[in-house]
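First up is the structure itself, then whatever we jot down about it.
Keep in mind that this is a model prediction, so the values were computed, not measured.
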Amino acid sequence: MKSRELMISVDDFETRAAVLEDRELVEIYLERRETPSIVGNVYLGRVKDILPGMQAAFVDIGIERNAFLYVEEIVYPRENEDEPMPPIQHLLKPGQDILVQIVKEPMDSKGARVTTQITLPGRYLVLLPYSNFLGVSRRLPEDERHRLKEICEQIRPRNKGLIARTAAEGAEVEELREDVKRLLLYWRKIERKVKSSAPVKLIYQEPQLALRIVRDLFSHDFKRLLIDNKEDHGQIIDFLESTDPELKRKVDLYTDGLPLFDKYNINQDIENAMKRKVWLRSGGYISIDHTEALTAIDVNTGKYIGKTNLETTIFKTNLEAAEEIVRQLRLRDIGGIIVIDFIDMQDLEHREELFNTLNTALVTDRTKTRVIEISKLGLVEMTRKNVSQGLLDFQAESCPRCHGLGVVLSETTLGIQVYRQTKKLAATHSAESFIFKVNSHGKRFLEREGKLAGDVLELGWGKRAYLVFDETVAPGKPEMVEEGSGEQMEKLFKNPTQSHS
């Protein structure tokens, strides 16, 4: 079993959570303070328009674009699941108040996707206030699934449903019962707020990323959790104290001078995950291309020439690529339709073993996937649930010169990189002051965020950086020019002909 670790880094701009397996980055979660995730939030909205031809409705929830509600997402009592839903125009009307929950972030020009089937996640269980459904995570062993289902049948609130999460594995009856009590308390607060509120209004907000990722992901199969923010560390400890006290001993506050994500090379792994080409250990590689309709992944032997024959070389490359592809799907959070073009193999047994290897690797993916069998041409079609922006969309924006055919890192991302890189370089040098050359992308961002006093950036630990703006410097890659005492650097900065001409 792989050694799993959870690393959470919190700074002035972003919260980032990284999952490592045997010290290799496999999942990254990002949330910016200016634009927190809204998935899971509950709103008292108002129906704006009905679209009979699409069997959907637009709902005003108070954000920039109206949310989109499909008829299948409307709670409607039916005697059996085979009974068809009535037309949406018979269920809703414009101006009607409606309680909805976000199930998919707004993306590109599309608004958020919503549902009226509210779900409230706890540490071990998910409460379904409008359903009698009883379920258990399919990721658990069969005997544990049976045990949890029996317990949930005992503790299920009247006229409400429950889903036992993966984290419920091994949990005692009382722990599960307490989780139900907490969730019912949340639901009663929501009901009271709905009665006292007028649309359009946010009724329930999911916690921020650090606490949310601990609730949803951190479990006993993790070796440890490292977090570099004292306030968030305290909140996590308090949460685990009330839900899973044994896990507290696995949580540590990171206090070293070198930033956490630099200490474990996570920043470099994130940067590599933005690249089109991914090299395999054998010398082969995969290339990942995004289109509006789907993501295409191509497998190539590259530098790998093998040791026996062509069929064996191709087979080994495909097997290695299958595992790396799943890692990249998780790391980049690629959703929607995915087509994988493996190298064509003549041997039927090899094709079957490759398909099994791919499906075995996908067991580690928390996101729902569906895979179609491998074709004679080596093509695999699959879908992966798309809930929020993938890593590439989150960190990049369309290039104004190529009109979306390629991407560049956004000014915000480049500015944050300048901020982090200067802190990293300062942490690895003993001097108290520095002079850096930076691209104007960094300057504009830092000025906008109020981080610059003149052209001086305070780094913490009593250190500061004087910034010289130079368009020849790569965006997001500050260059250290000088270092020394505060007095020395201030004099050199004020006299550029002596300092860095």
Side-chain angles (χ1 to χ4, degrees), residues 7 9-16 18 28 30-35 228-229 254 256-275 391-401 406-484 486 489-490 492-494 496 499-501:
M7 309 282 181
S9 179
V10 183
D11 61 27
D12 295 343
F13 308 107
E14 286 181 342
T15 297
R16 300 176 294 165
I28 183 74
L30 309 172
E31 185 171 271
R32 286 184 177 150
R33 296 203 171 194
E34 60 184 21
T35 53
D228 60 10
N229 183 276
Y254 180 83
D256 289 5
L258 188 65
L260 174 61
F261 274 30
D262 288 308
K263 175 84 170 180
Y264 294 94
N265 297 316
I266 299 172
N267 282 332
Q268 184 60 53
D269 288 339
I270 295 173
E271 187 173 323
N272 290 339
M274 301 289 290
K275 297 177 181 177
L391 181 64
L392 187 66
D393 289 331
F394 184 90
Q395 296 228 115
E397 58 188 13
S398 294
C399 173
R401 295 190 178 184
V407 294
V408 295
L409 293 178
S410 68
E411 185 174 284
T412 296
T413 298
L414 291 170
I416 293 173
Q417 285 185 357
V418 168
Y419 177 76
R420 289 176 180 153
Q421 284 292 319
T422 52
K423 293 190 75 170
K424 172 189 173 181
L425 292 170
T428 57
H429 290 71
S430 58
E432 65 181 40
S433 291
F434 308 84
I435 295 175
F436 285 91
K437 286 184 178 180
V438 299
N439 191 280
S440 61
H441 290 86
K443 177 184 179 181
R444 288 195 295 267
F445 173 79
L446 293 169
E447 285 179 338
R448 189 169 69 244
E449 296 298 323
K451 291 295 180 182
L452 287 183
D455 291 329
V456 180
L457 177 63
E458 297 293 340
L459 302 173
W461 322 296
K463 298 186 178 187
R464 60 170 48 183
Y466 295 86
L467 303 185
V468 176
F469 305 104
D470 186 343
E471 294 307 308
T472 65
V473 177
K477 305 286 186 182
E479 296 179 4
M480 185 184 293
V481 179
E482 302 280 356
E483 62 177 306
M489 293 301 97
E490 186 174 6
L492 288 174
F493 181 73
K494 290 180 177 180
S499 59
H500 38 262
S501 60

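V481 has its side chain out of reach of L492: every pair of non-hydrogen atoms, C-beta onward, lies at least 4.5 Å apart. I266 is listed as a side-chain neighbour of I270, based on a closest heavy-atom distance under 4.5 Å. Using a 4.5 Å heavy-atom threshold, the side chains of L414 and F445 count as separate. Under the 4.5 Å side-chain criterion, counting only non-hydrogen atoms from C-beta, R448 is in contact with T412. I28 has its side chain within reach of F261: a pair of non-hydrogen atoms, C-beta onward, lies under 4.5 Å apart. No side-chain heavy atom of Q421 sits under 4.5 Å from any side-chain heavy atom of K477. Residues N439 and F469 fail the side-chain proximity criterion, which asks for heavy atoms closer than 4.5 Å.
When all heavy atoms of L391 and A273 are compared, the pair lying nearest together is CD2-CB, 3.6 Å. Scanning all heavy atoms of the two residues, the minimum distance from R32 to T413 falls at NH2-OG1, 2.7 Å. The two residues A427 and G257 make their nearest non-hydrogen contact at CB-O, 3.6 Å. Nearest heavy-atom pair across S433 and G486 is OG-CA, 3.2 Å.
Distance check: R444 CZ to E411 CD gives 4.0 Å after rounding to the nearest 0.5 Å. To the nearest 0.5 Å, the span separating OG1 on T35 from CZ on R33 amounts to 12.0 Å. How far CG of L409 is from NE2 of H441: 9.5 Å, rounded to the nearest 0.5 Å. In this structure, CG on L30 lies 5.0 Å from CZ on F394, to the nearest 0.5 angstrom.
Applying the side chain to side chain donor-acceptor pair (under 3.5 Å) rule to D262 yields the partners N267; only residues at least two apart in sequence or on another chain are considered. Judged as a side chain to side chain donor-acceptor pair (under 3.5 Å), and not counting sequence neighbours, E479 has no contacts. Looking at residues two or more places apart in sequence or on another chain, you find no side chain to side chain donor-acceptor pair (under 3.5 Å) involving K463. The side-chain contact (heavy atoms from CB on, under 4.5 Å) test applied to E483 returns H429, A431, F434, M480, not counting sequence neighbours. Among residues two or more places apart in sequence or in another chain, the side-chain contact (heavy atoms from CB on, under 4.5 Å) test is passed with D228 by S9, V10, Y254, L260.
With hydrogens and angles disregarded, a donor-acceptor distance shorter than 3.5 Å links the side chain of E471 to the backbone of S440. Not a single donor-acceptor pair under 3.5 Å links the side chain of D256 to the backbone N or O of L258.
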Salt bridge (charged side-chain N to carboxylate O under 4.0 Å, His left out) between R420 and E14, intermediate numbers included: CA-CA 11 Å; R420 289 176 180 153; E14 286 181 342; 3.1 Å; yes
Atom pairs and distances, side-chain donor-acceptor, residues 451-461, under 3.5 Å, sequence neighbours left out:
residue: K451; atom: NZ; partner: D12; partner atom: OD2; Å: 2.4
residue: E458; atom: OE2; partner: R464; partner atom: NE; Å: 3.2
residue: E458; atom: OE2; partner: R464; partner atom: NH2; Å: 2.7

